[in-house]
Amino acid sequence: MIPFLDLTRQHVALKHDLMAAAERVLDSSQFVLGAEGGALEAELAQLCGARHAIGVGSGTDALRLALTALGVGRGDEVLTPAFSFVASATTIAMAGATPVFVDVEPDTLTMDAEAAARALTPRTKVIMPVHLYGHPAAIDRLSAFARERGLALLEDNAQAIGATWGDRPLGGWGDAACLSFYPTKNLGACGDAGMVLTTRDDVADRIRRLRHHGDTGRYHHVELGYCTRLDEVQAAWLRVKLRRLGEWTDRRRHIAARYHAGLAGLPLRLPVERPGARHVYHLFTVRHAQRDALAKRLADDGVGTAVHYPRAVPDQPLFAADGERRWPEAHRAAREVLSLPCFPEMTEAEVDGVIAAVRRACESIG
Ligand SMILES: *Cc1c(COP(=O)(O)O)cnc(C)c1O
């Protein structure tokens, strides 16, 4: 059996350091908004090229608070890709605004800049591209577009920590960005955690207050805030793991290179890495016209896979838009995508095993 993902391997290797970090926090008796969180914020601001980083309870809360801090509310529209994890769109609704779905580019499955231009209305306030699977959206074009049209740019960087475009890290291109430390992400907590990155002082101040009951200090509450902070145990654990992120990313890229070499020539669409982009392969997602048959063959052969994602976001019952014609690339992706195992602790033999199994499966499907 080759699992799609096995976090146990990562935690076995780090167990001693993780337990020591938890003990440090326990001994300090400071569990919320303390030294570990502050240190993690500084380390991640630097990694992502942002001036400020503010730890919050999840990636979802990071997006929701960032939208509010950018002034988004009722009556506003936010452009979001029609193909992503659902939180890229639900957070817009949580902030009181309307998600406007934009189709994606066929090769990277990230927001199509021309489709974004067509979706613009006088109510559009923010453009929110997603760096899907760990590959940058066309962030240079999208940030130029945002500047020209006077829109704020919010990067959903939940899947692409450490990725770059033209040597510039993602997360520092726009007015704000989110990170997610959901356990399966490239830098994963042992629970829920997230972060907002921003270069704007006003946005950083607002988010610090929104995450903590709208408090400006000493029980002085100036607006309706939330209770969503990144706790100290998670921060301490994330700092332990952050020291390994570079080598883990190299390992993901190595596995991806082996897949690219070993799966060449099959009737599969392999992920692309645009010139100028550095992909961090949160997911290695291939496309096949008979995706379900391929997944079944691989499962029978002992290889775990997953579908990210089986529906275009506007097709989720929650949104229930009738859009088969409006987002053709997103619909097609939802039918064809299949993610193969790609995590740093995979062995070379497992990588070989996946390649052999995919080759066999493609032959038998024809
Ligand atoms: C994981 C994820 C989120 C939400 O992050 P959570 O920490 O799970 O709340 C948002 N957007 C994308 C693209 C994600 O993959």
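Atoms within a ligand are numbered from 1 in the order they appear, just like the ligands themselves.
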Judged by non-hydrogen atoms, does Lys185 sit under 4.0 Å from ligand 1?
yes
Under a 4.5 Å cut-off applied to non-hydrogen side-chain atoms, are Glu155 and Cys178 in contact?
no
Under 3.5 Å, side chain of Arg359 to main-chain N/O of Gly262, donor-acceptor pair present?
yes
What class does the angle between the rings of Tyr281 and His279 fall in, given that below 30° is parallel, 30 to 60° is tilted and above 60° is perpendicular?
parallel
Do the non-hydrogen side-chain atoms of Ile92 and Thr80 ever get within less than 4.5 Å of each other?
yes
Near Ala158 (heavy-atom distance under 4.0 Å), the atoms of ligand 1 are 2 (C), 3 (C), 10 (C), 11 (N), 12 (C), 14 (C), 15 (O)
In ligand 1, the atoms that come under 4.0 Å of a heavy atom of Val130 are 13 (C)
Indicate yes or no: at least one non-hydrogen side-chain atom of His212 is less than 4.5 angstrom from one of Arg208.
no
Which heavy atom of the protein is the closest neighbour of atom 11 (N) of ligand 1, given with residue, atom name and distance?
Asp156 OD2, 2.8 Å
Does any N or O atom in Tyr309 lie less than 3.5 angstrom from one in ligand 1, N or O only?
no
Please determine whether ring pair (Phe, Tyr, Trp, His ring centres under 6.0 Å) holds for the pair His260 and Phe284, giving the CA-CA distance in whole Å, both sets of side-chain angles, and the decisive distance to 0.1 Å.
CA-CA 10 Å; His260 272 284; Phe284 189 95; 5.5 Å; yes
Among all the protein's non-hydrogen atoms, which is closest to atom 9 (O) of ligand 1, and how far away is it?
Thr60 OG1, 2.5 Å
Identity of the nearest option to atom 15 (O) of ligand 1, non-hydrogen atoms only, from His282, Gln159, His308:
Gln159
Tell me, please: is Gly194 in heavy-atom contact with ligand 1, that is, under 4.0 Å?
no
Taking only heavy atoms of Gly59, which atoms of ligand 1 are found under 4.0 Å from at least one of them?
5 (O), 6 (P), 7 (O), 9 (O)
Counting each atom of ligand 1 from 1 as listed, which ones have a heavy atom of Ser84 under 4.0 Å away?
13 (C)
Under 4.0 Å from any heavy atom of Ser180, which atoms of ligand 1 are there?
1 (C), 5 (O), 6 (P), 7 (O), 8 (O)
Parallel, tilted or perpendicular for Tyr309 and Phe85, by the 30°/60° rule?
tilted
What I want to find out is whether Glu232 reaches Arg24 closely enough, with some N-O distance under 4.0 Å, to be called a salt bridge.
no
